[in-house]
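Structure, as structure tokens:
So that the names make sense, note that chain A is the first sequence line, chain B the second, and so on, each numbered from 1. What you see is a predicted model, and the numbers here were worked out from it, not measured in a lab.
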Amino acid sequence: MKNHIAVIAFLVFALSLQLTAQSKSTNAGMVKIEVLGLTCPFCAYGLEKNLRSEIEDLENLSIDFKNGLVTFNFSKGNKPSEDKLNKIVENVGFEVHKIIYFYKKNKR
Amino acid sequence: MKNIVLIFVVILFFDSNKILAQGPPISTDTPILLGLDGGGVRTYVKYSTYKNGRTLIQPIAIPYNLTTALQVGIVQPIILLKQFNGKTASGIGNLLIFTKLQVFQMNGKAKTFRGVLKFINSFKTGQKSVSPQFVESQIHFVTGYITTSYGIYASIGYSFISNDLSDNFLYDFSIGYPLLPQIYPPFQLNLFIELNGLHTFESKKNLLTVSPGIQLIVSSRLLFESNFQIPVINDSNNIEYASTLGIRYLFF
């Protein structure tokens with residue numbers, strides 16, 4: 001019986017940790033940046049490094065070279081401003097053409 | 001002795017510049033000046049075979065971006081030199097300092113056209129057994145039109161050498177073609193054909209090599225490359241060929 005209680009307590013604890021982690025990383029939306037001058041994957045490392053260091057909880061970073069698109073998800077309260085994104089991209093030698101934000105609909 | 005100096009000169013001219021570039025091509029510099037967000041340590045190991053011996057060179061470069069268009073840094077080569085007559089020497093090579101200044105940049109979707117001025121200075125800080133005992137200053141203009149389908153790179157440069165050695169004119173041209181679709185994180189297989197030339201003013205001698213090469217990029221920080229430099233103009237007749245196996249790694 002004691003063992004069962006210990007297992008249940010552990011499961012509840014693990015579940016609460018999981019829920020905490022999920023709520024922290026819940027994506028509030030996605031940003032799509034059209035970047036000019038992005039030509040080689042090896043050169044995009046600086047861009048990834050800069051984005052990850054400047055934007056908290058950045059997730060699902062994707063770079064499409066053919067279309068010059070950089071996309072990633074951002075969490076609640078961590079939406080990067082256009083100014084900030086412009087600065088990050090220009091700091092690593094590229095240019096921003098357009099920035100589009102997509103937001104998740106809130107369930108009611 | 002002259003042969004040794006020539007090998008050093010070839011190492012200095014053909015190899016040291018390459019570490020200043022972050023990515024492709026193999027023996028020609030690129031005008032893309034990213035600097036890894038202003039920091040990072042880069043290195044590569046290059047094994048080459050020449051007519052009179054073999055060299056193993058590992059330059060370690062520390063670049064720093066002062067602005068997005070201005071980069072400075074130092075390069076410290078470590079050299080192992082083995083002559084076919086049995087003599088071997090190894091040690092620290094001459095320290096280089098460099099500055100890269102981007103003079104223009106025109107970007108489009110999946111393409112870029114850029115130009116960079118590059119200044120390099122070497123100092124007699126290396127061990128005598130593996131380092132040329134002269135001070136050298138180089139100025140280069142490096143340009144390139146790079147798309148996701150191909151890259152065209154070119155550079156011209158002038159090298160001022162101290163002592164009574166002749167100044168040199170350097171020129172490079174390279175075309176690169178990626179064999180695999182561009183993805184991120186990178187996994188690339190690139191083919192290159194490169195021309196690397198050197199004109200010595202005093203003796204009016206020329207060295208021009210053609211280098212087919214292949215480059216495998218396995219991650220954002222690690223690439224392997226190999227090329228075979230074949231002299232097509234070789235007035236001094238001191239170099240038969242140079243085969244290269246290189247590994248480039250970005251520490252940060």
For this session: May I ask you to check whether over 12 heavy atoms, not counting those of A/Lys87, lie within 6.0 Å of atom NZ?
Result: no
Exercise. Is the count of non-hydrogen atoms from other residues, nucleotides or ligands lying under 6.0 Å from B/Tyr177 atom OH greater than 12?
Worked result: no
Measuring heavy-atom distances to chain A, does [X] have an atom under 4.5 Å in its side chain, in its backbone, in both, or in neither?
X        : result
B/Thr148 : both
B/Leu180 : neither
B/Ser149 : neither
B/Ile217 : side chain

If you compare all heavy atoms of [X] against all heavy atoms of [Y], which two are closest, and at what distance to 0.1 Å?
X        : Y        : value
B/Thr68  : A/Glu90  : CG2-O, 3.2 Å
B/Lys109 : A/Lys66  : CD-O, 4.2 Å
B/Ala110 : A/Phe65  : CB-O, 3.5 Å
A/Gly93  : B/Arg114 : O-NH2, 2.7 Å
B/Gln182 : A/Thr39  : NE2-O, 3.4 Å

Exercise. By a 4.5 Å heavy-atom criterion (distance strictly below it), what part of A/Ile63 contacts chain B: side chain, backbone, both, or neither?
Worked result: both
To the closest 0.5 Å, what do you measure between [atom1] ([X]) and [atom2] ([Y])?
X       : Y        : atom1 : atom2 : value
A/Cys40 : B/Ile32  : SG    : CD1   : 5.0 Å
A/Leu61 : B/Tyr184 : CG    : OH    : 7.0 Å
B/Thr67 : A/Asn91  : OG1   : CG    : 9.5 Å

Seminar exercise, completed: Looking only at B/Gln105, B/Gln102, B/Met106, most heavy-atom pairs under 4.5 Å shared with chain A are made by B/Gln105
